[in-house]
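Notes follow once the structure below has been shown.
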Amino acid sequence: MTTTREFQGITLERLREHVWEIPQEEPMGVPARVLASEELLEQIGDDKTLQQLKNATQLPGMQKYALCMPDGHQGYGFPVGGVGAIDAETGCISPGAVGFDINCGVRMIRTNLTYDDLKGTERELVNSLFENIPSGLGGGGIVQTDVDTVDEVLERGLDWAVEEGYATREDMLHCEDEGRRPDAVADYVSEKAKNRGRNQLGSLGSGNHFLEVQRVTDIYQADVADAFGLQPDQIVVLIHCGSRGLGHQVCSDYVRRIEQKHGDFLKSLPDKDLAAAPAKSQLAAEYYGAMGAAINFAWVNRQLITHQTRRVFERVFDRDWQDMEMELLYDVAHNIAKKEPHDVDGDTRELYVHRKGATRAFPAGREEVPRAYRDVGQPVIIPGSMGAGSYVLRGGAESMNETFGSTAHGAGRTMSRTQAKKDYRGETVQNDLEERNQIYVKAQSGATIAEEAPGVYKDVDEVVRVSEELGIGDAVARTFPVCNIKG
DNA sequence: ATGTCC
């Protein structure tokens, strides 16, 4: 007997534990799959996620199935938590399936401090981080510069940061793609986008972006944690942000240009917000180059914040950052498309793997994984809410077969920002976190704290449990917040 | 996510 579930007229068949399929029927190009427990599926079925996922199967060249990760929710055209692997020769590339915040991502910095070393300094630390790391809407970055320098950043990514003394070679090696997209083309980024980025290099932004000091509370796999340099009670720093106004402008520019140039093609798609450029078109090449440039910008952004975090820790603890061993564990992108070779029906094909609110999760043995982690798998960082803490996973053995080497990227929202502001008051959330959980939060705006209240997020434990049980990403360590700054 | 409209 087949178990089925229906949401808003869309029927899903349960293939096995945590795997739900929307079978292919006209006009779908391939089936769609949702990877979720029953509990998470209820939430995913609540908004437009499933319809968007069905729509996504109509993108030409989509391989095997359109995927929704356990933390999925509705997005612009294509679901957040969506993975779409599309033939790079005969298919298309879709800015809507990458997202507005190109290379939004997360990095974790280790320290050799323990929670005891930090206790008593939380207030000073959170204030100093807040004062020294720009956050909130609009301009004001750690580096304010000109368009020529932005061009360098766009073309060279962390190579630029190393040359300028903001990064070490080790930092570079511990980023996805080693912090540099070689196929980035600055010329394909508009002057307007570059001007928006000029004074935003080294800034957190707003919304769900944050910097969090955390302590490691649980280790689930001692040998992998050892390879990642993680141990109980250790202090780590998590940075979550993206490419700010520059990436947003790149996405807007190309959505508009694609609508203008490929209008007829778009009319064949069920939702114009899926806007995609045919694989061999000039616009596809330009978007891929511009997206790569915005990806480089985001890596430099997170690196400058890392640099400044090291400076703040040096002042607060009166030690060098090298002495505190503040090394980058890893930096993952969760809003990108990338040409990757994947096995499809026995053939290896070059695919544009779109991960929009999804994280690459390559298993042990892959050459893309940094040498230090190659025997255990790629580190995957999954932040939860500011009251819940986060997880470090390692890419699971099944990820290449099941998800084109991907897993979830976070807890995922359960309610809109508007609803959150009705249900929560920033000051109350902030005081509760400090009094009940010794979590020190500082934000530019009380509204942001209300919008990001722990209660508006899904259960990150449940998201990670599903990832682990599917074998696409396995829990290595869990952290709990100590200090959090946001926009 | 985002100078929440060029």
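The structure presented is a predicted model; accordingly, all values stated were derived computationally and were not measured.
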Would you call A:Glu452-A:Arg413 a salt bridge at under 4.0 Å N-O?
-> yes
Rounded to the nearest angstrom, tell me the gap between atom NZ in A:Lys486 and atom C1' in B:dT2.
-> 17 Å
Select base, sugar-phosphate, or nothing to describe what A:Gly242 touches, counting heavy atoms under 4.0 Å on all strands.
-> nothing
Sugar-phosphate only, base, or nothing, as touched by A:Ser206 at under 4.0 Å among non-hydrogen atoms | sugar-phosphate
Look at all strands and tell whether A:Glu451 reaches a base, only sugar-phosphate, or nothing, counting heavy atoms closer than 4.0 Å.
-> nothing
A:Asn103 CG to B:dT2 P: how many Å, rounded?
-> 13 Å
Can you check the A:Leu137 CG to B:dT4 C1' distance for me, whole Å?
-> 8 Å
Test side chain to side chain contact (heavy atoms under 4.5 Å, CB included) applied to A:Asp273 - qualifying residues, sequence neighbours left out | A:Tyr76, A:Asp271
With sugar-phosphate meaning primed atoms plus P, OP1 and OP2, does A:Arg417 contact a base, only sugar-phosphate, or nothing at under 4.0 Å between heavy atoms?
-> sugar-phosphate
NZ/NE/NH1/NH2 to OD/OE distance under 4.0 Å, A:Arg110 and A:Glu327 | yes
Starting from P on B:dT2, measure out to CD on A:Gln249 and report it in whole angstrom.
-> 13 Å
Who are the side chain to side chain contact (heavy atoms under 4.5 Å, CB included) partners of A:Glu259, not counting sequence neighbours?
-> A:Val255, A:Leu266, A:Lys272
Nearest whole angstrom, please: distance from the C1' of B:dC6 to the CD of A:Gln260.
-> 13 Å
Interatomic distance, A:His248 NE2 vs B:dT4 P [rounded to whole Å] | 9 Å
Whole-Å gap separating C1' (B:dC5) and CZ (A:Phe100) | 13 Å
Specify the separation, in whole Å, of atom CZ of A:Arg244 and atom P of B:dT2.
-> 5 Å
